[in-house]
Enquirer: 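Structure in structure tokens, see below.
All values below come from the heavy atoms of this structure, side chains included, with hydrogens, waters and symmetry mates left out.
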Amino acid sequence: MKKRIRGIVISVAAALCLWGCKGEEAEKYVLNLSLDAEISTLDAQAAVDSASLEVIGATMEGLYRIDGEGNAAPAAAEREEISEDGLTRRYYLKETYWSDGSRVTADDFVYGFRRAADPSLANENAFLLEISGIAESGPVSRGEAPLESLGVRAAGEDVLEITLDRPVPYFQSMMAFPLFFPARQEFVEECGQDYATSPDTLLANGPYQIASYEPSALSFTLEKNPFYGEETGNVEEIRYQVVKDSQQSVLAFQDGILDIAPLSGEQAQLWDGGREYHSYFLASLWYISPNQKVKGLENVNLRKALAMSFDKEAITGYIMRDGSAPADFAVPRGAGKGPQGQDFRDDGKTWLEYDKLAAASYWEQARKELGLKDGEILTYTLLCEDTETASLIAQFIQGEIQENLPGIAIEIERVPKKVRLSRMKEGDYDLGLVRWGADYEDPTAFLSMWTTDSPYNYGSWSDEEYDKRIGYAVSGFRRGEEEKRWEQMKEAEEIVMEQAAIFPICQKANAYLISEEVTGMEFHPVGINRIFRNVSKKNVDRKNFSW
């Protein structure tokens with residue numbers, strides 16, 4: 001296997017050696033990483049792609065961070081006071097510093113929040129301000145109210161007060177997302193259009209700071225922030241290289257140039273079982289959305305037949321091959337914690353499992369209810385993106401449905417992602433293959449999609465009881481009703497599954513090769529997926545490792 005992979009991309013070693021070869025730097029603890037795309041920005045209030053968010057997460061911190069157990073832990077916040085109604089949150093800040101030695105103040109958080117809401121910046125993640133419940137965030141981000149009316153103010157140099165329009169049980173975890181990080185107004189305005197484009201136009205308050213960077217760079221470096229006052233791992237530098245071919249990353253890993261390498265499905269299958277193979281779940285779900293405005297798909301028995309007619313384990317075992325797991329639910333594991341710290345999936349409930357006999361039975365019931373004549377065939381088009389993974393999943397499901405449900409024909413239409421999204425938003429499709437990842441850590445990140453008025457309810461499914469439960473979970477409950485809210489969300493998931501409003505396929509995972517030198521890495525299913533705050537390295541020559 002080693003010879004085969006080396007033979008594919010042997011030239012990459014020379015290219016990566018410019019930043020990975022050992023010389024005088026050997027005395028340093030350096031973590032060498034790859035990204036599969038250039039980062040788009042290092043502006044915390046503008047970043048939306050995972051690569052940018054990862055780097056920002058290594059160099060900056062908000063009121064809270066997510067710890068190794070996946071829980072919100074204080075970062076810049078020393079302590080929190082919450083009013084009895086849960087609508088006023090006051091944060092007393094620690095004595096923390098920017099990378100130029102100046103204090104991080106409550107005013108910096110106020111300015112950062114206002115930048116996030118500023119409609120002139122047109123941040124794609126501004127909607128998270130409304131989801132976080134910050135008062136007036138909707139009108140402010142739409143330009144209907146001044147920035148100063150946003151529900152955040154400095155009640156002292158080290159005291160930040162945030163006003164909410166409703167209690168939000170997942171508020172602390174949202175404060176760990178870069179959109180809610182501080183920004184020093186004087187510095188940002190002084191940099192102007194050059195802000196966040198170079199080490200000189202960036203300030204850090206996290207474990208690392210930018211040592212070298214320019215926009216669209218194919219390589220850049222982070223170094224320890226000398227003004228970060230908390231204990232961290234021993235890694236002094238993080239060196240990034242953009243490597244778009246995963247096979248090149250694997251070769252660089254084998255040669256000791258990379259410490260962590262992402263794996264494609266095929267590679268994951270080859271390396272699974274090795275000492276350095278690891279797989280981590282994302283709060284991300286592949287599913288099919290049936291358009292209930294299309295004739296036949298309004299029938300619940302037909303939807304159940306389709307949902308149960310394809311083998312999900314075959315999809316994860318032979319197509320994904322990266323640790324992804326079959327999904328018989330609407331809310332994936334890791335998407336949110338309950339009042340007692342329990343995961344939404346801890347109760348073990350499942351629906352719509354693969355069962356071709358049950359699927360055939362539902363299909364027979366649907367034929368009678370739809371008045372189909374013997375020999376009459378229903379034909380539906382499955383809309384999917386033109387990526388390899390989406391195409392393979394669509395082809396497999398097409399074959400399974402046509403084999404297990406005689407009388408149903410499936411055609412496949414492959415389009416770019418933007419076209420797929422546009423078509424589904426307009427309702428111009430029959431069946432749509434969707435991948436959705438949580439933007440924040442709460443089951444409503446998924447369950448809110450299927451309410452009647454949701455812009456992501458592509459299939460036009462509607463249920464009054466479902467809407468009532470999600471309405472309560474989002475904005476109707478009061479502080480002290482967390483257990484009731486949890487149960488309402490559980491009941492809502494049961495409704496959406498019993499009616500087969502979607503056909504779940506699998507929960508996505510990411511697979512990596514991670515050097516045995518590396519410890520303290522954190523992988524999270526929501527938000528920033530890779531965290532390096534506590535990462536350390538051993539003084540080991542990886543080239544001597546035997547595979």
Side-chain angles (χ1 to χ4, degrees), residues 40-48 52-53 56 59-64 75-77 80-83 86-93 96 98 102-168 170-197 201-205 439-440 474-475 527:
S40 63
T41 181
L42 289 178
D43 183 344
Q45 276 77 47
V48 295
S52 299
L53 293 172
I56 293 168
T59 59
M60 296 187 69
E61 286 189 334
L63 295 171
Y64 284 83
E80 175 190 56
E81 291 180 356
I82 306 176
S83 63
L87 300 182
T88 303
R89 291 175 176 257
R90 177 168 283 201
Y91 295 95
Y92 296 85
L93 304 182
T96 60
W98 292 107
S102 61
R103 282 286 301 275
V104 177
T105 68
D107 282 326
D108 295 336
F109 277 95
V110 172
Y111 181 64
F113 279 51
R114 288 177 178 174
R115 284 190 83 237
D118 191 342
S120 68
L121 293 180
N123 187 353
E124 292 179 38
N125 276 333
F127 74 97
L128 292 175
L129 290 161
E130 288 188 76
I131 289 174
S132 72
I134 297 176
E136 292 299 300
S137 54
V140 170
S141 62
R142 292 191 296 269
E144 300 167 359
L147 292 175
E148 292 73 20
S149 66
L150 189 69
V152 55
R153 72 180 187 93
E157 183 180 22
D158 298 323
V159 183
L160 178 71
E161 188 173 281
I162 300 175
T163 303
L164 306 183
D165 58 22
R166 65 185 188 279
V168 178
Y170 49 88
F171 187 81
Q172 289 182 347
S173 65
M174 291 202 74
M175 294 301 100
F177 193 76
L179 183 77
F180 302 96
F181 287 178
R184 203 171 83 201
Q185 183 171 2
E186 179 183 356
F187 182 84
V188 174
E189 293 177 348
E190 182 180 319
C191 293
Q193 295 296 318
D194 292 329
Y195 176 63
T197 60
T201 58
L202 280 162
L203 287 178
N205 72 324
D439 292 308
Y440 58 99
V474 171
S475 59

Enquirer: Ignoring hydrogens, what is the shortest heavy-atom contact between A116 and N123? Give both atom names and the distance.
Expert: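 Answer, listing the atom of A116 first, then N123: O-CB, 4.3 Å.
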Enquirer: Verify, without hydrogens or angle tests, whether S141 (side chain) and S137 (backbone) share a donor-acceptor contact under 3.5 angstrom.
Expert: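 Yes: the side chain of S141 pairs with the backbone of S137.
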Enquirer: Which residue, V104, L63, T105, forms the side-chain contact (heavy atoms from CB on, under 4.5 Å) with L93?
Expert: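 Answer after filtering V104, L63, T105: L63.
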Enquirer: Using a 3.5 Å distance criterion without hydrogens, assess whether the side chain of Q45 forms a donor-acceptor pair with backbone atoms of D118.
Expert: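 The answer is no, because no donor-acceptor pair under 3.5 Å joins these two groups.
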Enquirer: Hey, are the side chains of Y92 and D158 touching, using non-hydrogen atoms and a 4.5 Å cut-off?
Expert: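 Side-chain contact under 4.5 Å: no.
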Enquirer: With respect to V159, which candidate in R153, E81, R90 satisfies the side-chain contact (heavy atoms from CB on, under 4.5 Å) definition?
Expert: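 Only match with V159 under side-chain contact (heavy atoms from CB on, under 4.5 Å): R90.
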Enquirer: Which atom names give the shortest non-hydrogen contact between P182 and F109, and what distance separates them?
Expert: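 It is CD-CE2, 3.6 Å.
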Enquirer: In this structure, which one of I134, V152, N125 forms a side-chain contact (heavy atoms from CB on, under 4.5 Å) with F180?
Expert: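 It is I134, the one option of I134, V152, N125 that forms the side-chain contact (heavy atoms from CB on, under 4.5 Å) with F180.
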Enquirer: Would you call the rings of Y64 and Y91 parallel, tilted or perpendicular if under 30° counts as parallel and over 60° as perpendicular?
Expert: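 Perpendicular: the ring planes of Y64 and Y91 meet at over 60°.
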Enquirer: State whether a side-chain donor-acceptor pair under 3.5 Å links S52 with T41.
Expert: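 Side chains of S52 and T41: no pair found under 3.5 Å.
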Enquirer: Does this structure show an ion pair linking D108 with R103, if we count only N-O contacts that are shorter than 4.0 Å?
Expert: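 A salt bridge is absent here (no side-chain N lies under 4.0 Å from a carboxylate O).
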Enquirer: For A154, is there any backbone N or O sitting under 3.5 Å from a side-chain donor or acceptor partner on D107?
Expert: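 Checked: no pair found.
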Enquirer: Does Y170 have its ring centroid less than 6.0 Å away from the ring centroid of Y440?
Expert: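 Distance test on ring centres: under 6.0 Å, yes.
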Enquirer: Please determine if R115 and D43 form a salt bridge, counting it only when a charged side-chain N lies under 4.0 Å from a carboxylate O.
Expert: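 Answer for the salt bridge query: yes.
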Enquirer: Given the rule in the side chain to side chain contact (heavy atoms under 4.5 Å, CB included) test, do D165 and L87 qualify, once you have shown the distances and angles that lead to the verdict?
Expert: CA-CA 6 Å; D165 58 22; L87 300 182; over 6 Å; no
Enquirer: Ignoring hydrogens, what is the shortest heavy-atom contact between S149 and V140? Give both atom names and the distance.
Expert: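 Shortest heavy-atom contact: OG-CG2, 3.4 Å.
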Enquirer: Going by atom types alone, do S102 and R184 pair a side-chain donor with an acceptor below 3.5 Å?
Expert: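 Yes, a side-chain donor-acceptor pair sits under 3.5 Å.
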Enquirer: Might you confirm whether atom CD of E190 has over 12 heavy atoms from other residues, nucleotides or ligands at distances under 6.0 Å?
Expert: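 Check fails, neighbour count at 12 or below.
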Enquirer: Can you tell me if CD on E148 sees more than 12 non-hydrogen neighbours from other groups inside 6.0 Å?
Expert: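 Correct, the count exceeds 12.
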Enquirer: Apply the test side chain to side chain contact (heavy atoms under 4.5 Å, CB included) to residues F127 and D439: give CA-CA distance (whole Å), side-chain angles for both, the deciding distance (0.1 Å), then the verdict.
Expert: CA-CA 10 Å; F127 74 97; D439 292 308; 3.5 Å; yes
Enquirer: Please examine the side chains of I162 and F171, heavy atoms only from C-beta on, and report whether any two atoms are closer than 4.5 Å.
Expert: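 Yes; the side chains approach each other to less than 4.5 Å.
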Enquirer: Output, in order, the C-alpha distance, side-chain angles, deciding distance and verdict of side chain to side chain contact (heavy atoms under 4.5 Å, CB included) for R166 and L164.
Expert: CA-CA 5 Å; R166 65 185 188 279; L164 306 183; 5.8 Å; no
Enquirer: Atom CZ of R114 and atom CG of L150: how far apart are they, to the nearest 0.5 Å?
Expert: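 It comes to 7.0 Å.
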Enquirer: So, the side chain of T201 versus the backbone of Y195: is there a donor-acceptor pair under 3.5 Å, distance only?
Expert: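 Such a contact is absent between T201 side chain and Y195 backbone.
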Enquirer: Ignoring hydrogens, what is the shortest heavy-atom contact between L53 and P178? Give both atom names and the distance.
Expert: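 Smallest heavy-atom distance, with atoms named: CD2-CG, 3.7 Å.
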